[in-house]
Amino acid sequence: MTKPATLDPRPHGFDAWRAREDFPILKTEAHGKPLVYLDSAASAQKPRAVIEAVRHVYEAEYANIHRGVYELSEKTTAAFEGAREKVRAFLNAPEAREILFVRGATEGINLVAQSFGRAFLKEGDEIILSALEHHSNIVPWQLLRDITGIVLRVVPVNNAGELEIDAYAELLNTRTRLVAMTHVSNAIGTVTPIHDIVRLAHERGVPVLVDGCQAVPHQKVDVQDFDCDFYVFSGHKLYGPSGIGVLYGKAKHLEAMPPYQGGGDMIRSVTFEKTDYNVIPHKFEAGTPHIAGAIGLGAAIDYLEGLGIPEIMAHEQAVLHYATERLSRIRGLRPIGTAREKASILSFVLDRAHPHDVGTVLDGEGVAIRTGHHCAQPLMERFGIPATARASFGLYNTPEDVDALAAGLEKVLEIFG
Ligand code: PMP
């Protein structure tokens, strides 16, 4: 198989083959074969710049933050707050105090559900989700529903896995209090029309939370351009450490919302009678945070911006295009999710083999893909299947990786006939 011209690194100034050198883990083997890592949507691998940044924190710059009066603590605090500023610039948020460090997207969504939701929503109020959501943008709202009696409404998707925007417009009504919607589906790669989603909601004065977990690694995100009210993502999918993530929120919301957790750092003063809370972002960052994680996330952002996010996107789209075409020639393979606008995620089923068997055979060939419901069981139900096999491509994936996937799938067909 010859390399398609669109994958020549030169036209769009991005050389994935060179970038691979930055990722030590890509030199390792699985079952004695070179690792072909196609599960970046679950978690992306880490470049040396991130590994070194985390190591540097623990070797040279580590103390608790915000409290110490000594030089080392001040240095760590500056690095931690510097990472917040990097995230602000990355999302083009107006102010650094609108960036909250959380454990990940899951915690960010739970924070909004428990703080915004419990304070401002009441029985009969409605929240609009979509059929594309990850469980972490469904279950927190169900927990809130059980406490408050709110109603969850779901925007359907068409057979290609695209959001039905007209149905969304019809679901918006005078009882709608919040829209919580994914930017990119982790299970099938659909990119949702965030501008339209926000515009239609704002016409009715309804705030919008966007789950950007699967968007930030693949495209430039500008929260001012989207005008969304909240935006969440996880560091580990952005080539950064796990256990760190971000919730962006407009200051007007964050200031009005009560704290999510109580503890150190989120207070101004405490007596047994009364506590005064700190200003944002600290009001929402109780306890010692994942200091090295935040600094590592800042290093990941520096790394990606050094490569160029538009260039990464162009490369990944070319790989996706190649993979879509290459896999269409595998006998009995049915792609799940064929939206016109997709991130580099390819879900499929084979008529002869269960996705788990596909994953196991591929694993034997050194090819790591994800199989299962991808924490999106309602979406699987929509397509009438229990699971898919999913290959997801990061900046370091090449057409050779696609060829290895295709060869592995041919092997699956040999075994399962
Ligand atoms: N939303 C989406 C779209 C995701 O892909 C994921 C992770 N698979 C999450 C939310 C949850 O992220 P985390 O587990 O890092 O909190």
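Note that ligands are numbered from 1 as they come in the structure, with each ligand's atoms numbered from 1 the same way. Heavy atoms only: backbone and side chains are in, while hydrogens, waters and symmetry mates are out.
Protein heavy atom closest to atom 4 (C) of ligand 1, with residue, atom name and distance, is H134 CD2, 3.4 Å. What sits closest to atom 8 (N) of ligand 1 on the protein, heavy atoms only, is K237 NZ, 2.7 Å.
Of all atoms in ligand 1, listed by their number and element, those nearer than 4.0 Å to a heavy atom of T106 are 11 (C), 12 (O), 13 (P), 14 (O), 16 (O). The atoms of ligand 1 that sit less than 4.0 Å from any heavy atom of Q214 are 3 (C), 4 (C), 5 (O). Of all the atoms in ligand 1, the ones that sit under 4.0 Å from a non-hydrogen atom of S136 are 1 (N), 9 (C), 10 (C), 11 (C).
Counted within 6.0 Å of CD on E255, heavy atoms from surrounding residues, nucleotides or ligands total more than 12; the atom is thus considered enclosed.
No hydrogens or angles considered: a donor-acceptor pair under 3.5 Å links the side chains of E81 and H66.
The shortest N or O to N or O distance between H236 and ligand 1 is below 3.5 Å. Between D211 and ligand 1, at least one N/O pair is under 3.5 Å apart.
Selection from G235, G245, S234, G104 by nearest heavy atom to atom 13 (P) of ligand 1 gives S234.
Ring geometry for F226 versus H195: interplanar angle over 60°, hence perpendicular rather than tilted (30 to 60°). Between F101 and F80, the two ring planes are tilted [angle within 30° to 60°]. Note on ring orientation: taking the six-membered ring where Trp is involved, the planes of F120 and F116 are perpendicular (angle over 60°, cut-offs 30° and 60°).
Between the side chain of H31 and the main chain of K33, no donor-acceptor pair closer than 3.5 Å is present.
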